[in-house]
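Some notes on the structure that comes next.
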Amino acid sequence: MKIALLCRNAELYSHERLIEAAEARGHQIDVINHLRCYIDIASGDPEIHYKGESLKGYDAVIPRIGASVTFFGTAVLRQFEMMDVYPVNESVGISRSRDKLRSMQLLSREGIGLPVTVFAHRTSDAAEVLKLAGGAPVIIKLLEGTQGIGVVLGETPKSAESIIQAFGGTDTNILVQQFVKEANGEDLRCIVVGEKVVAAMIRRGAEGDFRSNLHRGGSAEAVKITAEERSTALKSANAMGLNVCGVDMLRSNAGPVVMEVNSSPGLEGIEKASGIDVASKIIEFIEKNAKAGRTRTKGSKAKRSPKLA
Ligand code: ADP
Ligand code: MG
């Protein structure tokens, strides 16, 4: 097969691993920096221009679009979809996952466990928002945050209110969420590929940090997940319309609660913690599923399958 790896930096561990796994399985894989692509919208025959050439003949595309370039990255991916190139994750699913509120709305519609969450913008009534979220301690999150930046703990009613007011004074959207204390600074990441959880790890925050992000100095180890955690991960991936994703949850007293679904999960932490070759699982998934026209993106002229495999 001829596979396009849409990413900015081919040297990242995750990207190197995907290239290695694809080549080991006899595929051609080309790194395409989506930010250097030009897309031809006007013609009826969609095209992508890259380094002076028109991209042709791809069977599948692996999108690894950074959060800061979601808008242009998903536009390029959409163009691939319109050219009937099979996307490991569709542009729509990626856009959904990048919006924490939208994601939570989709997950809640499916009855998936979530922490009590209140969404607010420029709120004047911090006390009311706090009350709706169940009172302090609460977690306050910037909707656009990633890697643990923009996630704050409001421990007391006074500090929680002043944080909500401070964020409210800027032009940002925030989530105020029940603090799942019993998670003990740990969270669970399940990697979904297709209809399976292929690997899982527990991440632990650095000493004194409630955030378990590896980018914040957390550590990870392999973990055996429960049947409920497995089904929560699969339902979440399905609700978001993602074939490959990392589903992050907290182990609350009321069972697993999902915090977010990541459409470009990093492979380094999970492969090292679990010893599982996730990159090859992704390539195998493509081998089984990449058929022209298997995208639900409107505008594709080919016959679409009603449901992704
Ligand atoms: P980001 O997108 O920046 O990674 P997350 O929503 O994943 O933001 O939050 C970062 C980390 O903070 C999580 O991995 C988790 O350890 C901790 N955390 C987030 N929300 C809660 C919560 N409601 N209760 C307890 N811990 C939380
Ligand atoms: Mg996170």
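Remember, it's 1-based here, ligands and their atoms both numbered in the order they're listed.
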### Query
Checking salt bridge (charged side-chain N to carboxylate O under 4.0 Å, His left out) for the pair Arg17/Glu268: CA distance, chi angles, key distance, verdict?
CA-CA 9 Å; Arg17 289 283 302 119; Glu268 187 166 13; over 6 Å; no
### Task
Could you tell me the residue and atom name of the protein heavy atom closest to atom 23 (N) of ligand 1, and the distance to it rounded to 0.1 Å?
Gln178 O, 2.8 Å
### Task
Measure the distance from atom 8 (O) of ligand 1 to every protein heavy atom, then report the residue, atom name and distance (to 0.1 Å) of the closest one.
Lys100 NZ, 3.0 Å
### Task
Could you tell me whether Lys2 atom NZ has more than 12 heavy atoms of other residues or ligands within 6.0 Å of it?
yes
### Query
Applying the 4.5 Å side-chain criterion to the ILVMFWY set and letting contacts propagate, would Val261 and Leu114 be lumped into a single cluster?
yes
### Query
Any heavy atom of Val151 sitting closer than 4.0 Å to ligand 1?
yes
#### Entry: atom 3 (O) of ligand 1 [closest protein heavy-atom partner, distance rounded to 0.1 Å]
Gly148 N, 2.6 Å
### Query
With distance as the sole test, does Tyr50 use its side chain to make a donor-acceptor pair with the main-chain N or O of Asn33 at under 3.5 Å?
yes
### Query
Once you round to the nearest 0.5 Å, how far does NE2 of His34 lie from OG1 of Thr74?
10.0 Å
## Note on the structure
min-distance protein heavy atom vs atom 17 (C) of ligand 1 -> Phe210 O, 3.6 Å
### Query
So does Asp248 have any N/O/S atom less than 2.8 Å away from the Mg ion (ligand 2)?
no
### Query
Between the candidates Met259, Glu260, Lys141, which shows the shortest non-hydrogen contact distance to atom 6 (O) of ligand 1?
Lys141
### Query
Any side-chain donor paired with an acceptor under 3.5 Å for Tyr38 and Glu47?
no
### Query
In Glu260, which N, O or S atom comes closest to the Mg ion (ligand 2)?
OE2
### Query
Quick check: does any side chain N or O of Asp99 sit under 3.5 Å from a backbone N or O of Leu101, one acting as donor and the other as acceptor?
yes
### Task
Name the closest protein heavy atom to atom 14 (O) of ligand 1, giving the residue it belongs to and the distance to 0.1 Å.
Asp187 OD2, 2.9 Å
### Message
Looking at Glu128, I want to see if its CD is surrounded by more than 12 non-hydrogen atoms of other residues, nucleotides or ligands under 6.0 Å.
### Response
yes
### Query
Quick one: does Arg211 get an N or O within less than 3.5 Å of an N or O on ligand 1?
no
### Query
Going from OG on Ser212 to CG on Asp187, what distance comes out if it is rounded to the nearest 0.5 angstrom?
3.0 Å
### Message
Pair Glu229, Arg251 - check salt bridge (charged side-chain N to carboxylate O under 4.0 Å, His left out), show working.
### Response
CA-CA 9 Å; Glu229 288 162 351; Arg251 289 179 152 167; 2.7 Å; yes
### Query
Any nitrogen or oxygen of Gln177, main chain or side chain, under 3.5 Å from a nitrogen or oxygen of ligand 1?
yes
## Note on the structure
Looking only at protein heavy atoms, what sits closest to atom 16 (O) of ligand 1 is Ser212 OG, 2.8 Å
### Query
Among all protein non-hydrogen atoms, which one is nearest to atom 24 (N) of ligand 1, and what is the separation to 0.1 Å?
Val180 N, 2.9 Å
### Task
Out of Leu250, Val258, Leu153, indicate the one that has the non-hydrogen atom closest to atom 21 (C) of ligand 1.
Leu250
## Note on the structure
min-distance protein heavy atom vs atom 4 (O) of ligand 1 -> Asn213 ND2, 2.8 Å
